[in-house]
Student: 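Here it is, the structure in full.
In the text below, chain A, chain B and the rest are named by the order of the sequence lines, each starting its count at 1.
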2 protein chains.
Amino acid sequence: MSRGKVTIADVAERAGVNASTVSRVVNGTASLSPDTTARVQRAIAELGYRPNRAARHLAGGRTGAIGIVVPDLTNPFFATIVRGAQHAAHDAGELTLVADSESRGRGEVELSAMLARDVDGLVLCSPTSPAGQLRGAVTGRPAVLVNRQARGWPSVVADQAQAVEVAFDDVRSQGHERIAYVRGPSNKWTSSVRDRVAARLGAVLVGPFAPTFAGGAEAAEVLDDDVTAVITHNDLMAVGLIDALLRKGRRVPRDLSVLGCDDIEIAALTRPRLTSVAMPLEELGATAVGLLLDLIARPAPDVDSLHRTLPVWLVARDSTARPK
Amino acid sequence: MSRGKVTIADVAERAGVNASTVSRVVNGTASLSPDTTARVQRAIAELGYRPNRAARHLAGGRTGAIGIVVPDLTNPFFATIVRGAQHAAHDAGELTLVADSESRGRGEVELSAMLARDVDGLVLCSPTSPAGQLRGAVTGRPAVLVNRQARGWPSVVADQAQAVEVAFDDVRSQGHERIAYVRGPSNKWTSSVRDRVAARLGAVLVGPFAPTFAGGAEAAEVLDDDVTAVITHNDLMAVGLIDALLRKGRRVPRDLSVLGCDDIEIAALTRPRLTSVAMPLEELGATAVGLLLDLIARPAPDVDSLHRTLPVWLVARDSTARPK
DNA sequence: CTGAAAGCGCTAACAA
DNA sequence: TTGTTAGCGCTTTCAG
């Protein structure tokens, strides 16, 4: 109830124990008698005690916060991952420090280095920097990669291979045979996986192009005439592609089926509404934080086995249909 | 250069002074001889000293962080404000704690209360909670409101009246006379201002509707036949409205001009591309932080005069044209 | 103008 | 199982 200035000493006095005992029940750091535990907990509740983060940090080394670095916070794709991460972190009583790297000069590396001092660990989303530089930036703090895998780093990724596969399954099952895949930026880990899988599945690869509306529009210019379905690196490109196609007088999906990836909001707002592959964005963030908290609690046993892959799924809409 | 474990004592030793002296030059807390100042600064540089936030917080009371509460981080509108705020904060050496209130049960009030303990001040974006409750939540910390004004609170807002005015000016100058204004949620401060201005300018008010694609589509059903231009509360509604209109066989802008508000990314991606009123989003965030930092440095003289209004501007695209 | 000393609130040995 | 004792790194009186 009281006004936030309650210290551990107040609780100790109220419960008739020593401050360190209070610390122990709060942190579960030792075995206490049920009796004292109860008394302390009651005192905590009555006083409305909440441990002071700064003091904790100073004394124990743990900051009680985790850092999340994303390329672009204004991109709902990343913002959603952040949201998932924040939920998980807050549920665990950890604060979150979010930073976006693309905006402004500061890159992932510099930003991570800045944050590293003030957090117990880091979640790095879709980082493109060399793994070595990242390693240096996190200065001993545990870190988990999201949507990228690299030797020596724990990671949580959406199943990129499956993403391409479900997309192909969908159009193939509708009868399409000549299928194009529009590549995204080649420096992204997700791209490298998808490109490879698309190639394996027999797609006609075009690109790479920028992962934007304009990039998709460009792709429209280089599509073979006999292609009846096209899968793009992401939804924005798909929307740009469709727009360009429409302007050239081609009908979607009548002449050409188009399939996006990521299932961002815009996919459902365009005409035709875009069929897309949805990613478990919030879960990606939440899982990453879960892994990170484990790592913070008990430092890495065998980091290289700490890879988690989350399933994706198709969301069918109007931009795909049987070929003529 | 060294590994982040440099303390104020190290610097003091290197510079041949007392730790408190180092503290003074770092904080500019007293007048020092140019000589010692220089020596200390050199030591700081050579050692790569960076003050420890937790220690600072514990000793001095300042956390070195500010909190930013937004309704929905996955909405690029707010994410952009956050970005602006982060830039300003980081430039001032402050960390930022971002929280979004809509996702999950936690409302603005609860979230602000949680954050308040760990920050020096708060930026509250478009809060809808009663001012009284907010007041309680920030527990003595300074706070500034973004896109809302309320007695007793400093604020930074985009000029809502001007937003409606420039929209009207645009369509009026093209010759439109019967103009509808589609209202957004009535519990938002921005809505209250816009609705009032729209009414004053002689618009036909419809709504309120949800500030979404679906909300805009609904509005399409209740538009008078003699209206030749319609201005909506936001871009998403405009896009939904246009979509619904198109499905009913009406042409945009040939039959009806549509004008959105906020100028979010999607505005430029639809066909027709949406004419919209752009808001200085990043600047809104940055200005709010600037104000907040002032308030933190020297507590409120006359809070009620601390209102800042930023200009908005029209971005003309294809969804508006002269009436038939 | 600068040094010395006392904590801020908490955790972590070390005893008991 | 619990109390005692030191600090963590910094700011801030208070002297000088």
Student: To the nearest 0.5 angstrom, please state how far the CE atom of A:Met279 sits from the CG atom of A:Asp159.
Tutor: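 Interatomic distance, A:Met279 CE to A:Asp159 CG, rounded to 0.5 Å: 9.0 Å.
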Student: Starting from P on D:dG9, measure out to CG on A:Leu58 and report it in whole angstrom.
Tutor: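 Taking CG of A:Leu58 and P of D:dG9, I get 7 Å after rounding.
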Student: For B:Asn147 and B:Ala158, indicate whether the former's side chain and the latter's backbone hold a donor-acceptor pair under 3.5 Å.
Tutor: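 Yes, the answer is positive, given that a donor and an acceptor are paired below the 3.5 Å cut-off.
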Student: Using whole Å, report how far CD1 of A:Ile8 lies from P of D:dG7.
Tutor: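 From A:Ile8 CD1 to D:dG7 P: 19 Å.
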Student: Can you tell me the distance, in whole Å, between the CD1 atom of B:Ile44 and the P atom of D:dC10?
Tutor: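 In whole Å, D:dC10 P lies 10 Å from B:Ile44 CD1.
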Student: State whether B:Arg14 and B:Asp10 are salt-bridged, where the test is any N-O pair (Lys NZ or Arg NE/NH1/NH2 against Asp/Glu carboxylate O) under 4.0 Å.
Tutor: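 Judged by the 4.0 Å cut-off on N to carboxylate O distance, B:Arg14 and B:Asp10 do not form a salt bridge.
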Student: Is the Lys NZ or Arg CZ of B:Arg148 less than 6.0 Å from the centre of B:Trp153's six-membered ring, within 45° of the axis?
Tutor: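 Because its charged atom misses either the 6.0 Å distance or the 45° angle limit, B:Arg148 does not stack over B:Trp153.
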Student: Extract all donor-acceptor atom pairs below 3.5 Å that involve side chains of residues 57-69 of chain A and protein atoms in other chains or at least two apart in sequence.
Tutor:
residue	atom	partner	partner atom	Å
A:Arg62	NH2	A:Glu94	OE2	3.1
A:Thr63	OG1	A:Ala65	N	3.1
A:Thr63	OG1	A:Ala65	O	3.3
A:Thr63	OG1	A:Asp118	O	3.4
A:Thr63	OG1	A:Asp120	N	3.2
A:Thr63	OG1	A:Asp120	OD1	3.0
A:Thr63	OG1	A:Asp120	OD2	3.4

Student: Quick one: B:Arg117 CZ to C:dG9 C1', roughly how many Å, whole number?
Tutor: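 Answer to the nearest Å: 11 Å.
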Student: Could you state the atom-to-atom distance from NE2 of B:His57 to C1' of C:dG9 in whole Å?
Tutor: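 In whole Å, C:dG9 C1' and B:His57 NE2 are 10 Å from each other.
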Student: Please write out the pairs of protein N or O atoms and N or O atoms of nucleotides 2-5 of chain D separated by less than 3.5 Å, giving the distance to one decimal.
Tutor:
residue	atom	partner	partner atom	Å
D:dT2	OP1	A:Ser33	OG	3.0
D:dT2	OP1	A:Thr36	OG1	2.9
D:dT2	OP2	A:Ser33	N	2.8
D:dT2	OP2	A:Thr36	OG1	2.8
D:dG3	OP2	A:Asn18	N	3.0
D:dG3	OP2	A:Thr21	OG1	2.4
D:dG3	N7	A:Arg24	NH1	3.2
D:dG3	O6	A:Arg24	NH2	2.4
D:dT4	OP2	A:Asn18	ND2	3.2
D:dT4	O4	A:Ser20	OG	3.1

Student: How many Å lie between CG on A:Asn27 and C1' on C:dC10, as a whole number?
Tutor: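 Value for this atom pair: 9 Å.
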Student: Between A:Asn52 and C:dC8, is there a contact of a side-chain N or O with OP1 or OP2 at under 4.0 Å?
Tutor: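 Looking at the OP1 and OP2 atoms of C:dC8, neither is under 4.0 Å from any side-chain N or O of A:Asn52.
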Student: Calculate the interatomic distance between B:Arg39 atom CZ and C:dC1 atom P; express it in whole Å.
Tutor: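 Result: 15 Å.
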Student: Can you tell me the distance, in whole Å, between the NZ atom of B:Lys5 and the C1' atom of D:dC10?
Tutor: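 Going from NZ in B:Lys5 over to C1' in D:dC10 covers 14 Å.
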Student: Please compare A:Arg56 and B:Gly60 by the position of their nearest nucleotide in DNA chain C and report the one closer to 5'.
Tutor: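 So the residue in question is B:Gly60.
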Student: Given A:Val157 and A:Leu310, is the side chain to side chain contact (heavy atoms under 4.5 Å, CB included) satisfied, shown in steps?
Tutor: CA-CA 6 Å; A:Val157 303; A:Leu310 271 28; over 6 Å; no
